[in-house]
Structure formats: C-alpha cells, structure tokens
Amino acid sequence: MLLRPSRARGLLDGIPRRGPPAAAGYRAACELAPADGDALAAYAGMLARGFRPDAYTFPPLLKAVARRGGPAAAAPGAVHAHVVKFGLGHGAHEASALVAAYAAVGDGAAARAALLDSRGAPVAWNALISGHCRGKRFGESSRAFADMVRAGAAPTPVTYVSVLSACGKGRDLLLGVQVHKRVVESGVLPDLKVESALVGMYVDCADIDSAWRLFEDMEVRNVVAWTSLVSGLARLGQVDRARELFDGMPERDAVLWTAMIDGYVQAARFREALEMFREMQYSNVTADEFTMVSVITACAQLGALEIGEWVMVYMSRQGIRMDVFVGNALIGMYSKCGSVERALDVFNGMHSRDKFTWTAIILGLAVNGHGEEAIDMFHRMISVSEAPDEVTFIGVLTACTHAGLVHKGQEFFHSMTETYNIAPNVVHYGCIVDLLGRAGKITEALETIDQMPMTPNSTILGTLLAACRVHGNSEIGESVAERLIALDPENSTAYILLSNMYAKANRWEDVRRLRQAIMKKGIKKEPGCSLIEMNGMIHEFVAGERSHPMSNEIYSKLENIIADLRNVGYFPDVTEVFVEVAEEEKQKVIYWHSEKLAIAFALLSSEPNTVIRIVKNLRMCLDCHNAIKLISRLYGRVIVVRDRTRFHHFRHGLCSCKDYW
DNA sequence: ATAGGGTTAG
C-alpha cells in the first residue's frame, strides 16, 4: 500500500488558482463549466466545510485527477492517501478508480498494487487495461489483458471492449485479430458493445474491409459502430463515402456528428465542416467539447475569427467546458488568426496546461513575430517541469528565426539531443536552414542540408531556395533549384522561386527561357486563393476570377485603390509574374492577385479601423507585399495576411516580416 | 468503477 501523507498535503496546498482576469467570452465558458482542476477545489471546499467523503466522492475525483496528466501525475497518490484516511480503501469502486488513475498517469506499479487490494476483481482488471490505454501505453494494456487471463479472472464484455480499443489505438492488427478469435471462442457474442469495439479496432488498424464485413454481419447496429465506420472512412480519405453513410443513419448523436465534422476537417474541407456544425444545431443535437475542438480547428484553418468568437458564446450558452483540449485548440485558432493577445488570454485563463498548451502558445507567439516572448514561454515551460517534445522545438526554433537569434537557435538545436534527448527531424533541420538563410548565411545553410543525416525533402530545399532569392545568391540558388526540380518535377514553387531569383538579378533572358520551359512542360502554378471572413461568412477569392457576387464593385474599388497608391509613389512590380504575357497584361495579373481582391472587398464591406485578416494558400508576391504595406498606411488599417509559411502583420506601412519571407 | 469521437508542425 502506498501512503504518502506529504502528497496528501500537497493536494490541499496545490489546488490550482484561477488565472488573471480574462476576456469575457471564454471566462464565461470557464465559469459556467468548471475544468478538471476544479474537482480538486470542490473536494477541498467540501473538507473545509466539515463534510466527510463517502463512497461516491473519490471515483469522479480520481477520474478528474488522472485526466490532467503532466506534472500533476503525482496526484492519484495524494487522493489515494485520502481514500485510506477515510477508510474507503476496500470498496471495489475505489479500487477500480485508483487502478485506472494510476495506470493512466503511467504508474504501473501503483496500479498493480491497487489491483491486489481489490483481490483481482474483474472490474479492476478492466480498469488496468483501460487506464493504460488512456495513458497511451497500449502494450501495457494488452499485457494486463494477458495477465488477467493467466490469473484466471473472468473477462467481461468491457474487458474485450477495452483491450480491443488498445489494439486499435496501438495499431496492432495482429494482436487485434488474436483477441477477435478469443472473443469468438468466449461466447460473449452477440454483444452490441463488443461488436462495435471490433469494428472500431479494424477501423483503427486501417482494415476497413474487415470492419465493413463485421458491420454488415451485425444483427443490431448501434451508433458506436456507425460512428467508427464514419470516422474510419473519413480518416482513410473517403469523406464522401462517410457522408453517404452518415446521411443514411437512423439516429445521430453528438459523437457521430463530431466524427463527421472532424472527417471534413481531416480532409481539409473546413467550410463543409462548419456547414455540418450548423446542420447539427438545426437537428437539435447538443455539441460537446469534442465537437468544439473540431469546429475550432476548422475556424483556425479558415482564419474565421468571428465564427470562432461566436463559438465561444455558443460554448458558454450550452455549458460546454473549456477543458485542456478546447483551450489548446483555441490558442491555435487565435494564433492562426493572427491574434496573439487573445491566444495569450486563453493561455492565461487555463486552469491546467499540458505540453500541447505550451507548444501551441510558443508556436503562436513565434509565428506572429514575437520571438523573444516565445523563448520566454519555453523557459517558463521548463520551469514548471513540462517536458518539451519535437514539436515544441519547432516553435522554439521558429521563434529564433523570427527574432533573428541565429546563435541562440543553434544552441537550442544542440540542446535537443544533449539535454532533452530528442532527435532532430527534417523539419528541425529546415528551421536551422531558415534561421541561417534569413541571416544571409547561405553557404552554412547549404552545408546544414548536405550534412544532415536524412535525405533532403522538397520543403527544406524550397526553404534554402527562398533564402537564395531574398539574398540574391543565384549561384547556390540555381543548383538548389535543380536539385528541387529533380526531386519533384511537378513542383511549381521551384520554378517560381528560380524565376523570381533571375528577375531579381536582372537576368531577363534566363527568366524568359525558364518560362518557356515551364510552358512546354505544362507545369501549372496552383491558383492563388485568399479567404476572408465577413459577418460570419467566408468569402473566397481566386486570382483574376469574378465569381464573387460583388465582383464588379470589387474590381472598380481595386482600380481606385491602385490609383491612390500610384499617387503616393507605388509602381507595380511585375518581376515575379510567372506567366509569359505582354507587359500591360502583367500589370493586370498583378492587380488581380487574390489578396488584393480580398482587401478591396474588405475595404468595401468592413467597419473603418477594424483589422483585416486574410488567409492565403500560397506565398505572397513581392508586389502584393509592397502594395499592402502602402494600403495599411494610406487607409490606416491593420492588415494581417497568413500565407503558406508565415504571418504578415501590416501596420503603418511596415510589415512584421521585415520584408523577409 | 471499467466502454465510441479530440489538442501542437510541414
């Protein structure tokens, strides 16, 4: 028996306090719906008022504690001390909850000890299996199952559900098939829950055919099985098939709706995801935290800040908790909408944070040009003993790039292996190439690529090529472009960057030659596309297109804007025009770039002085960058453009990227 | 008490 009174005291001392006052929307959401940390607060309050815990007190408390993870991992021990202190250590409910909590936070030994306390009750074994599964130790789950069988405990349907879930999440099809056989031999079938779990296991192991077969053989089908199939199909890239299935379903609950919404998110069909969410509300199914995560992610990708804000209101109205997942998603959304302040509000208001929270805020700060603050956040993360992972370091390295901290970035890069035992992957090397490239150290950047232990991919070569373009190093640039084209002949970025580089070096003959080669090969530039949200609607603009209902107004507004710009010295820079057309045509091509259309639309439709936020699918061209700088000054507007790789915050005629992108 | 769907990068 583990008894640690110090931990028990720690429980009462360590009750999370509320963060500093935060903006109204999410604070309402927090207050209406206590987060996990508040379960401990409620318990402490109960003791302070002199109430004694009973058999119903600890299981939910343990569940909340186990969910928190991270540095709070010691907490099950603290609750355990109280369980013993109040003489409740012998109930099967407490024992199972303890087993599950210990297993979920990764304390396998304590979990087994608690299991012994329950004298090996089947429910406690189930708790061990599912607890390990919650803690993402799937191998431990199946080991627990094997031990259970060996110990002679009788598996229940929940046992099979739990171990099948572990097989699926661990992507262990071989083991899953073995368990399936055992299920058949055991005689529990037909059992709706077990059958659904089998379907889910095959789906998770990407064996959709087996999943289908099982599903079709089920005499009675429930929402769980349907849901597994829907999300499985979506995950395998067959969203439309998932949708057909969804449409044919007799009954739809929140989980199924969420699976469908998330299916669209996974397929990068974000507008349809939001459309589904709208339909979900019409159908009077109440969304939950899971739904919100998918919806918020869709908003993030679309840069749909207004809808995102509305989602906050919806959450507080519906009493949906702002748990760690929702909070993390919100930080990502505000960051991706270019609103660091709001991202920080959410971060500060969160009761419990995990490594994803820290990583999200570090990335959010870094990518929006607050490099130094991002690095401060990293130090804070370390000081609260949250372990960084490889993604955290992408944020940290990006921060160094944006702050121009070459030496510091290299130090962090080395610390990955030396201090944190994280092997750098190609993306980390890409960050270093970006870091060096931005500082003009092109040769060192090239050396980094040639010396790294993995083969360079097209992204990292593209990063170097972009650096060559900015710094006018056409010598290295040409050879990098050649490598890039050899690696990925259809990659239009390579041609565009190379062409831009020639243009910068006034090598017009080479530009012409390259353009002809591109035409001959039939390589098409992905059309430029910009999104802007206005009054809760997402408007899409494609370069040169007139599909928007306000097109006539927009194009004439654009003419006025350009006339205004010319009055203050703007001259169209057509050096980066990719297509081979006459000079006047090139100007039109430039004028009708999607972000310019979106800005014209925004100037027509939005309130004065409001921030204009645009999401673009490609890298911005030099001319748009120049023009938008001027627009921000001339019209007194802050304009935030999120392009494929970075953010541009235009204000008073300047851009946060300092003209490097 | 144990059970289906979730968060960070490119």
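Reminder, nothing fancy here: chain letters follow the sequence lines and each chain counts from 1. Since the structure is predicted, the reported quantities are computational estimates derived from the model, not experimental observations. No hydrogens, no waters, no symmetry mates; every other heavy atom, side chains included, goes into these values.
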Participant: Please report, rounded to the nearest Å, how far the C1' atom of B:dG4 is from the CZ atom of A:R221.
Facilitator: 17 Å
Participant: What heavy-atom pair brings A:F647 and A:C657 nearest, and what distance separates the two atoms?
Facilitator: O-CB, 4.4 Å
Participant: B:dG4 P sits how many Å from A:L245 CG, rounded?
Facilitator: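 For the pair A:L245 CG and B:dG4 P, the rounded distance is 20 Å.
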Participant: Closest to the A:V223 side chain: B:dA1, B:dT8, B:dG4?
Facilitator: B:dG4
Participant: Determine the contact category for A:I394: base if any of its heavy atoms lies under 4.0 Å from a base atom, sugar-phosphate if only primed atoms, P, OP1 or OP2 are that close, otherwise nothing.
Facilitator: base
Participant: Which part of the nucleic acid, if any, lies within reach of A:S130 when heavy atoms closer than 4.0 Å are counted: base, sugar-phosphate only, or nothing?
Facilitator: sugar-phosphate
Participant: Is any side-chain nitrogen or oxygen of A:K63 closer than 4.0 Å to OP1 or OP2 of B:dT2?
Facilitator: yes
Participant: Figure out the CD/C1' separation between A:E390 and B:dT8, and round it to whole Å.
Facilitator: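 Those two atoms, CD and C1', are 11 Å apart.
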Participant: Answer yes or no: side-chain N or O of A:D253 and base N or O of B:dG4 forming a donor-acceptor pair under 3.5 Å.
Facilitator: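 Under the 3.5 Å cut-off, the side chain and the base do form a donor-acceptor pair.
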Participant: Any side-chain N or O of A:K136 below 4.0 angstrom from OP1/OP2 of B:dG6?
Facilitator: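 For B:dG6, OP1/OP2 do not have a side-chain N/O of A:K136 under 4.0 Å.
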Participant: What integer distance in Å separates A:N368:CG from B:dT8:C1'?
Facilitator: 15 Å
Participant: Let me confirm one number: the CD1-CE distance from A:I432 to A:M452, rounded to the nearest 0.5 Å.
Facilitator: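 If I round to the nearest 0.5 Å, the distance is 12.0 Å.
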Participant: So if I apply the side chain to side chain contact (heavy atoms under 4.5 Å, CB included) rule between A:V326 and each of A:M312, A:R321, A:M350, A:M315, which one comes out positive?
Facilitator: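 The option that passes is A:M315.
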Participant: Does B:dA9 have OP1 or OP2 under 4.0 Å away from a side-chain N or O of A:T398?
Facilitator: no
Participant: Looking only at N and O atoms, is any donor in the side chain of A:D323 or the base of B:dG6 less than 3.5 Å from an acceptor on the other one?
Facilitator: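 Check passes, donor-acceptor contact within cut-off.
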Participant: Counting N and O atoms only, with roles assigned by atom type, does the side chain of A:S186 sit under 3.5 Å from a partner on the main chain of A:V183, one being a donor and the other an acceptor?
Facilitator: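 Side chain of A:S186 to backbone of A:V183: a pair is present.
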Participant: NA contact type, A:A254, heavy-atom cut-off 4.0 Å: base, sugar-phosphate, or nothing?
Facilitator: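 It contacts base atoms.
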Participant: Using a heavy-atom cut-off of 4.0 Å across all strands, would you classify A:E289 as base, sugar-phosphate, or nothing?
Facilitator: base
Participant: On a plain distance test, is the side chain of A:N457 in donor-acceptor contact with the base of B:dG10 below 3.5 Å?
Facilitator: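 No.
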